[in-house]
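Report on the structure given below.
In what follows, every heavy atom counts, from backbone to side chain, and hydrogens, waters and symmetry copies are set aside. Reminder, nothing fancy here: chain letters follow the sequence lines and each chain counts from 1.
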Protein chains: 2
Amino acid sequence: MNRSNTGANLPALRNHNAALVLDLLRTAGEAGISRLELAERTGLTPQAVSKITARLRAEGLAAEAGHRPSTGGKPRTVLRLVPDAGYAVGLHLDRDELTAVLVDLAGTTVATRRAPLDLGAGAEVVLEAASREVAALGFPPPGPSGRQRLLGVGVAAPGPLDHGRGVLHRVTGFPQWDGFALRDVLSERLGLPVVLDKDTNAAALGLALRARPAGGSFAYLHLGTGLGAGLVLGGALYRGARTGAGEFGHQTLQMDGPPCSCGGRGCIEALCLAAVARGDIARAARLLGTGAANLVGLLDIDRVLLGGRVVAAEEDVFVRGVGAVLAELARREGSGPAVPVAAAGGDGRAVADGAAQLVLAPVFGHANVAFPSGGNGA
Amino acid sequence: MNRSNTGANLPALRNHNAALVLDLLRTAGEAGISRLELAERTGLTPQAVSKITARLRAEGLAAEAGHRPSTGGKPRTVLRLVPDAGYAVGLHLDRDELTAVLVDLAGTTVATRRAPLDLGAGAEVVLEAASREVAALGFPPPGPSGRQRLLGVGVAAPGPLDHGRGVLHRVTGFPQWDGFALRDVLSERLGLPVVLDKDTNAAALGLALRARPAGGSFAYLHLGTGLGAGLVLGGALYRGARTGAGEFGHQTLQMDGPPCSCGGRGCIEALCLAAVARGDIARAARLLGTGAANLVGLLDIDRVLLGGRVVAAEEDVFVRGVGAVLAELARREGSGPAVPVAAAGGDGRAVADGAAQLVLAPVFGHANVAFPSGGNGA
DNA sequence: GCACTTTGGCAACAGCGTTGTTTAAGTGGA
DNA sequence: TCCACTTAAACAACGCTGTTGCCAAAGTGC
C-alpha cells in the first residue's frame, strides 16, 4: 500500500488492491493480462483477483478481450484496460507556447492543440488562452453510467512553484507570477479539478509511467532555457519537502567559476549554457555528465534521461558525452556496469503528456507520492 | 500503508495499523499518549484504536500508565510503550574500533561495549571480536510469554556495501572484504537475524527515529576518514536502487581540480580533507557547505546534520560555515528561510545506536523502505 | 445530589481477501 | 466417440478487519 501516516481501513485496502490491478492492466497495454498473471504479480489469491476484476468490469474500467492459447486445460481469459473509461487534459504552459493534450486512461494521446503564448502577457491573457485550447480539445461525452469521464486537468509550468498549494513562485524571467494561485483560479474557471506541477516533474512522471520495467529510478535532465531535473525514485516522482526538488541547474560544479544569473558562481547551468552559446556542445555534454555523475552517485539511480530543446538539437552528442562521464565513474567505482543514458524523446509533447498523467496517475495508485507531511516515517 | 507493489490483505492491514500505533507510542515516549489522540493522529475511529491497543497490551508491547487531567468528563487513560518488550543489538564496525550497544524498544541504550579493532586483521578475528562483544552485552531473558526478546543484530560498516544482500564491497582501505557475506556469516554464528548497512545510513536512521517532528527530510553528512552521507527523505531512509545511495564524497565540486584517491578530480572529499590537513577548517566547512547546498537544492530537504570525527573536533566552525553557505543559497532563491544546520551529536555512539534501529525500525512500520524492486510505482 | 460531559468497552455489522468446492472449457489418449 | 485429466474461474462459507450504535464508567460543576 502507499506510504502514509494514517490508518487504513477496508475501503483503503480495496482501493489499494484495485489500483494495483489497474496499474498492471495499464502496463500490460493492448496485450492484456490474465487473471492468474495478475494474481502472481500482486501476490493475491486468484479468487481475490477474480473479485477485484469483476468489480472493475462492472465499473467499466476493465473488459475481457479474448483468450490465451490453452496449456492443456481451460484457456486463460485476457483482461484489458478500457481506455476510454477516463480521460485527462494535460496543459503545458511554456514561456512562448502552450500545448494542450487529451489523454485516455491507457496513456494514449487522442488530441493535441498548440498555440503561441506569451507567458509575460498577464494572467487574464494566459488563462483565456488556456481555457480556449482546453475547450477546443473536444471533451469525451459522459459514459453510459452518466459519469463524467474527464477526470481533470494537469498543468505543467516552468518552476519554481508549489505543487502542494498549486501556487506559482518566481518563474524565471516572469517574476510577476510570483504567488499566483494558478491551480485554484484555473479550476474555478474550468469547473474541473486541476493539478499543478513543474514542467520537469510532469515530463519525468510521464516517462516513469511509460518505463518498462516499471518501478525503477531515474533522473530526467532538461536542458532548454535553463537546466532542471525531474527525479523518479523507486518508480515514484520525488518532489521533496516543499515540492521544490529538482533544482539541478544551480549545482556548483566549479567553485569560483563564472557568475550565474542566480547570483552564485560556477553553477552547472551557467557553465553549460555558456558552452552551448560558444557552440562547444561536446563541452556542454561533458559538464552535464559531470552533474549527472554527482547525482547518480548520491542517489544511486539506474538511468539518466535527457531532454529539452538544446538536447534535442544535438541528441547524439549529449547522450554520448554524458554517457562517457558516467562510464568513467563506473570504471572508477568498479561496481558493475555504467548507468545508461538515453534521450527522453517525446517530440516536444512529453511535458504535456506528463501533465495529463498528473491527473491519471492517482487512478493507478500513484497518488500522494509527493510527501508525507509529518507524523511518522523513516 | 507502506509503499509496495504487492497486494494487501487483512493481516497486512492489521500490521500496518498496529505499527502506526506503536510508532506513535514510541514517539510519545515517557509522556505517553491517550487513545483519543491516537485516533486523531491515525484517522482511525476511537473504537478501532481501542481494539488495536487492547491487542498490543495483550502482547505486552503497550501498557496503561496513569491518566490525563479531566476536561469535564472521564479523564483519558495514558498509554505507553513497554520498553523492555524487545531489544536489539547495534554493532558498529569501524576501521580501528568496535562499538556494541543494546537498545530497547523505546530506543534507550541500556548497555555499551567498546573494543579496539583492526578491520584489516581478517574475517575470523573480526567475527570473533564481534561475537565476544555482542555476547558480553548481556542479553535480556525471554519475556513472560517465553518469547525471545532480542530481535536481532544491526551491523553498521564503512561503505560501499550491499544492504539488500548483506554483502560488503570494497571497503575503502580494506579491499580484502570485497564480496564478503557478512550478514549471513554473522547471523549463522550468532543464531540471530542480522541486518547490514552503511555506517552513514545507520546514523541517519537513528537520527530520523529521534527527530521531532518525525517524518521530515534531512541529510546526515559524515566527515571522518572519508566523506559520506545518509539521506532521509520524507522520514524514510533512502538507500537507492542498489542500496548504494549517499556517495556524497566524490561529488565533483571543482572541475579540473586536484586529483582524488577515487581517480576523479576535484571531488569534495579530496578538497575538504586537504583543507583540514592544512588546518584551514573554515575553508573545509565552506566546501562542505557548497556540497550541502547542491544537495539541498536537488532534494529540497529541510535539515542538514553534520557528524564524524573531523566535525566533532570543530563543531561550531563547521555548523557556522555550512550554515553560511546555505543562508546564501536561501537569499539567492528568495524562497523562505535557510535550511537549518546542526551537529548530529551522539558522542561517538550515534552509528551503533542507529545500527540497532535497523532491527527495531520494522516493528514501527519503518521496514522495507529500502526500495520497491519493480512491478509498479511512480 | 443531580445533570452533564467524556471515555472506552460491548455487540452487531458490512466488507475484505482466503479457503474449500464446484462448474466450465479445454487437451489428449484409448 | 468417449473419458480421464488439466486448468481456469466462479460460488459459498468463513475469519478477521475497522465501523457503527449503544451503554456503562468516571469524572466535573452547579
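Place A:Gly73 and A:His67 on DNA chain D by their nearest nucleotides, and A:Gly73 ends up nearer the 5' end. Where A:Thr71 and B:Arg57 meet DNA chain C, the nucleotide closest to each residue was compared, and B:Arg57 sits on the side nearer the 5' end.
Using a 4.0 Å cut-off, no side-chain N or O of A:Asn17 falls inside it from OP1 or OP2 of C:dC16. In this structure, B:Thr77 reaches the C:dG8 phosphate: one of its side-chain N or O atoms is under 4.0 Å from OP1 or OP2. Checking the phosphate oxygens (OP1, OP2) of C:dG9, a side-chain nitrogen or oxygen of B:Ser50 falls inside 4.0 Å.
Of all nucleotides in DNA chain D having an atom under 4.0 Å from a heavy atom of chain B, the first and last in 5' to 3' order are D:dG15 to D:dT28.
Straight-line distance from the CD1 atom of B:Ile52 to the P atom of C:dG9: 12 Å, rounded to whole Å. Distance, A:His16 NE2 to C:dG17 P: 10 Å, rounded to whole Å. The CG atom of B:Leu36 sits 5 Å away from the P atom of C:dT7 (whole-angstrom rounding). Put simply, CZ on A:Arg35 is 13 Å from P on C:dA25, counting in whole angstrom units. Between B:Leu10 atom CG and C:dT18 atom P there is a gap of 8 Å when expressed in whole angstrom units. In this structure, CG of A:Asn9 is placed 15 Å from C1' of C:dC13, rounded to the nearest angstrom. For the pair B:Glu64 CD and C:dT7 P, the computed distance is 15 Å after rounding to whole Å. Straight-line distance from the NZ atom of A:Lys51 to the C1' atom of C:dT18: 8 Å, rounded to whole Å.
Side-chain N/O atoms of B:Thr109 and B:Asp353 include a donor and acceptor closer than 3.5 Å.
With A:His163 contributing its side chain and A:Leu196 its backbone, the two residues share a donor-acceptor pair below 3.5 Å. Without hydrogens or angle criteria, B:Thr108 side chain to B:Val110 main chain gives no donor-acceptor distance under 3.5 Å.
Note on B:Arg55: only backbone sugar-phosphate atoms sit closer than 4.0 angstrom, heavy atoms only; bases stay farther off. Among the protein residues, B:Pro46 comes within range of no part of the nucleic acid, since none of its heavy atoms lies under 4.0 Å from any strand. Residue contacts shown for B:Ser34 are absent, as no nucleic acid heavy atom lies under 4.0 Å away.
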Please evaluate residues B:Arg239 and A:Asp300 with respect to the criterion salt bridge (charged side-chain N to carboxylate O under 4.0 Å, His left out), reporting the C-alpha separation (whole Å), side-chain torsions for both, the decisive distance (0.1 Å), and the verdict.
CA-CA 8 Å; B:Arg239 294 190 175 100; A:Asp300 188 21; over 6 Å; no
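Of the charged side-chain nitrogens involved, at least one lies within less than 4.0 Å of a carboxylate oxygen, so that A:Arg57 and A:Glu64 count as a salt-bridged pair. The existence of a salt bridge linking A:Glu37 and A:Arg68 is confirmed by a sub-4.0 Å separation between a basic side-chain nitrogen and an acidic carboxylate oxygen.
Remark: B:Arg149 fails to qualify as a cation-pi partner of B:Tyr87 under the 6.0 Å distance and 45° angle criteria applied to the six-membered ring.
One cannot find a donor-acceptor pair under 3.5 Å joining the base of C:dT23 and the side-chain atoms of A:Lys74.
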